[in-house]
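Below, each value reflects all heavy atoms present in this structure, side chains not excepted, and no hydrogens, waters or symmetry copies.
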Amino acid sequence: MSACRLRLGSERPGLAGGIDRDGSRAAELLAAGFGSVEFGTVTPEAEPGRQPGVAVLAQRLAGLGRPPDHQNQVLIGIGLGLGQGAALTALAAHWLAGLKAAWPVADYLSFNLSAAAYRPLLAPEHAVLLADALATVARERQRLTADGRRHVALALKLPLEAQPLSTAAQMALAAGFDAVVAVLPQRPERLDWLQAWARRINGAAQLVAVGGMRTSADVRAALGAGASGIQVHSVFVEQGSACLPPLLAGLAAAHRAGLGAHGGS
């Protein structure tokens with residue numbers, strides 16, 4: 001699945017990570033009507049009382065018995081993070097271990113830098129470490145794709161905190177990531193910032209907006225600012241599948257109006 005074929009949240013909304021970290025709700029969520037469902041964030045090793053680790057989640061998802069050719073079905077995403085208490089210097093090793101464990105079942109992998117625990121990695125002093133981690137997983141993706149003839153898309157999840165495209169996003173694009181997932185803040189400037197990111201990304205990858213997507217108008221505004229797709233979280237927690245009709249209406253209206261960028265080339 002190359003960037004040009006990845007349509008994360010562009011035709012149907014995607015469900016962001018954080019709802020199900022262990023796969024216990026997988027059958028329910030995959031049948032809810034989303035275009036993609038992201039599980040996690042999980043870490044390479046189990047963390048008792050928090051999450052089971054990537055291997056257990058992947059095993060449960062594999063137990064769903066999806067057919068090999070499921071391109072018209074719901075995309076499965078797995079969010080990957082750094083283990084609790086791990087040194088920041090272990091980032092590349094933890095992401096690499098997570099990628100290998102998730103590879104057999106995931107359609108895309110989301111490397112999470114938006115959660116508070118991971119945001120220190122966005123500091124300038126960690127730029128070399130982060131660039132190495134992104135390049136490491138991109139190289140492993142390339143190797144596994146060549147060996148198994150299966151392509152798993154890579155996404156970097158980031159907070160949208162300012163207008164200039166973040167250094168981390170630029171690194172992800174340079175490494176060949178397929179998508180940047182921007183977590184929008186509850187600030188009036190957020191659509192201006194999203195538009196600035198879209199202009200800089202300029203179709204090199206998908207730009208997926210998450211955060212505050214509740215109504216048809218929210219969706220149209222995000223795609224009008226240049227996002228190519230959307231994900232939701234809180235509105236599903238509150239409303240369940242009843243949240244989908246206005247979101248689908250917003251996507252359809254935006255596409256009729258020619259709004260939204262389409263990532264990839």
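- Asp218 meets the salt bridge (Lys or Arg N to Asp or Glu O under 4.0 Å) test with no other residue; sequence neighbours excluded.
- Residue pairs meeting the ring-ring contact (aromatic ring centres under 6.0 Å, His included) criterion with at least one member in residues 200-219, sequence neighbours excluded, do not occur.
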Which donor-acceptor pairs under 3.5 Å do side chains of residues 236-246 form with protein atoms, sequence neighbours excluded?
| from | atom 1 | to | atom 2 | distance (Å) |
| --- | --- | --- | --- | --- |
| Glu238 | OE1 | Arg214 | NH1 | 3.4 |
| Glu238 | OE1 | Arg214 | NH2 | 2.4 |
| Ser241 | OG | Ala32 | O | 3.3 |

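- Expressed to the nearest 0.5 Å, how far CD1 of Ile19 lies from NE2 of His233 amounts to 3.5 Å.
- For residues 36-62, the set of pairs meeting the ring-ring contact (aromatic ring centres under 6.0 Å, His included) definition, not counting sequence neighbours, is empty.
- No side-chain heavy atom of Ser114 sits less than 4.5 Å from a side-chain heavy atom of Val181.
- Under the salt bridge (Lys or Arg N to Asp or Glu O under 4.0 Å) criterion, Arg143 pairs with Glu140, Asp147, sequence neighbours left out.
- Across every non-hydrogen atom of Phe34 and Arg12, the tightest pair is O-NH1, 3.2 Å.
- Residues Leu61 and Leu64 meet the side-chain proximity criterion, which asks for heavy atoms closer than 4.5 Å.
- Listed by chain and residue number, Leu259 satisfy the side-chain contact (heavy atoms from CB on, under 4.5 Å) test with Ala257 (two or more places apart in sequence, or in another chain).
- Minimum interatomic distance between Ala16 and Gln231 (heavy atoms only, all atoms of both residues): CB-OE1, 3.8 Å.
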Side-chain polar contacts of residues 80-103 - donor-acceptor pairs under 3.5 angstrom, sequence neighbours left out - could you list them?
| from | atom 1 | to | atom 2 | distance (Å) |
| --- | --- | --- | --- | --- |
| His94 | ND1 | Gly83 | N | 3.1 |

Can you give each donor-acceptor pair under 3.5 Å made by side-chain atoms of residues 196-203, sequence neighbours left out, with the distance rounded to 0.1 Å?
| from | atom 1 | to | atom 2 | distance (Å) |
| --- | --- | --- | --- | --- |
| Trp197 | NE1 | Ala162 | O | 3.2 |
| Trp197 | NE1 | Gln163 | O | 3.4 |
| Trp197 | NE1 | Pro164 | O | 3.2 |

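- Residues Ser216 and Ala249 come closest through the heavy atom pair OG-C, 3.9 Å.
- Distance check: Gln142 CD to His151 NE2 gives 10.0 Å after rounding to the nearest 0.5 Å.
- Between His255 and Leu223 the shortest side-chain heavy-atom distance falls below 4.5 Å.
- By the salt bridge (Lys or Arg N to Asp or Glu O under 4.0 Å) test, Glu45 pairs with no residue at all, sequence neighbours left out.
- In this structure, CG on Leu165 lies 6.0 Å from CG on Leu173, to the nearest 0.5 angstrom.
- Contact record, Gln206 with Gly229: NE2-N, 4.3 Å, taken as the closest heavy-atom pair.
- Here the closest heavy-atom approach between residue Val74 and residue Asp107 is recorded as O-OD2, 4.0 Å.
- Between Pro13 and Leu251 there is a side-chain heavy-atom pair separated by less than 4.5 Å.
- Within a 6.0 Å radius of CD in Gln59, other residues, nucleotides and ligands contribute 12 heavy atoms or fewer.
- Under the side-chain hydrogen bond (donor to acceptor under 3.5 Å, both in side chains) criterion, Asp20 pairs with no residue at all, not counting sequence neighbours.
- Of the possible polar contacts, one joining the Thr145 side chain to the Arg150 backbone as a donor-acceptor pair under 3.5 Å is found.
- In the hydrophobic clustering of ILVMFWY residues, with side-chain heavy atoms under 4.5 Å counting as a link, Val56 and Leu29 come out apart.
- Considering only heavy atoms from C-beta on, Lys157 comes within 4.5 Å of Val183 through its side chain.
- For Ala175, the side-chain contact (heavy atoms from CB on, under 4.5 Å) partners are Leu134, Ala138, Phe177, not counting sequence neighbours.
- Atom OG of Ser110 sits about 7.5 Å away from atom CG of Leu156, to the nearest 0.5 Å.
- Linking Ile, Leu, Val, Met, Phe, Trp and Tyr whenever their side-chain heavy atoms come within less than 4.5 Å puts Leu121 and Leu160 in one cluster.
- With Asp178 contributing its side chain and Leu154 its backbone, the two residues share a donor-acceptor pair below 3.5 Å.
- In this structure, the salt bridge (Lys or Arg N to Asp or Glu O under 4.0 Å) partners of Arg25, at least two apart in sequence or on a different chain, are Glu28.
- We find the CG-CG distance between Leu194 and Leu184 to be 5.5 Å, quoted to the nearest 0.5 Å.
- For Arg60 (side chain) and Ser24 (main-chain N/O), no donor-acceptor pair under 3.5 Å exists by modelled atom type.
- Closest heavy-atom contact between Met171 and Ala127: CE-O, 3.3 Å.
- Atom OG of Ser166 and atom CG of Leu113 lie 9.0 Å apart (nearest 0.5 Å).
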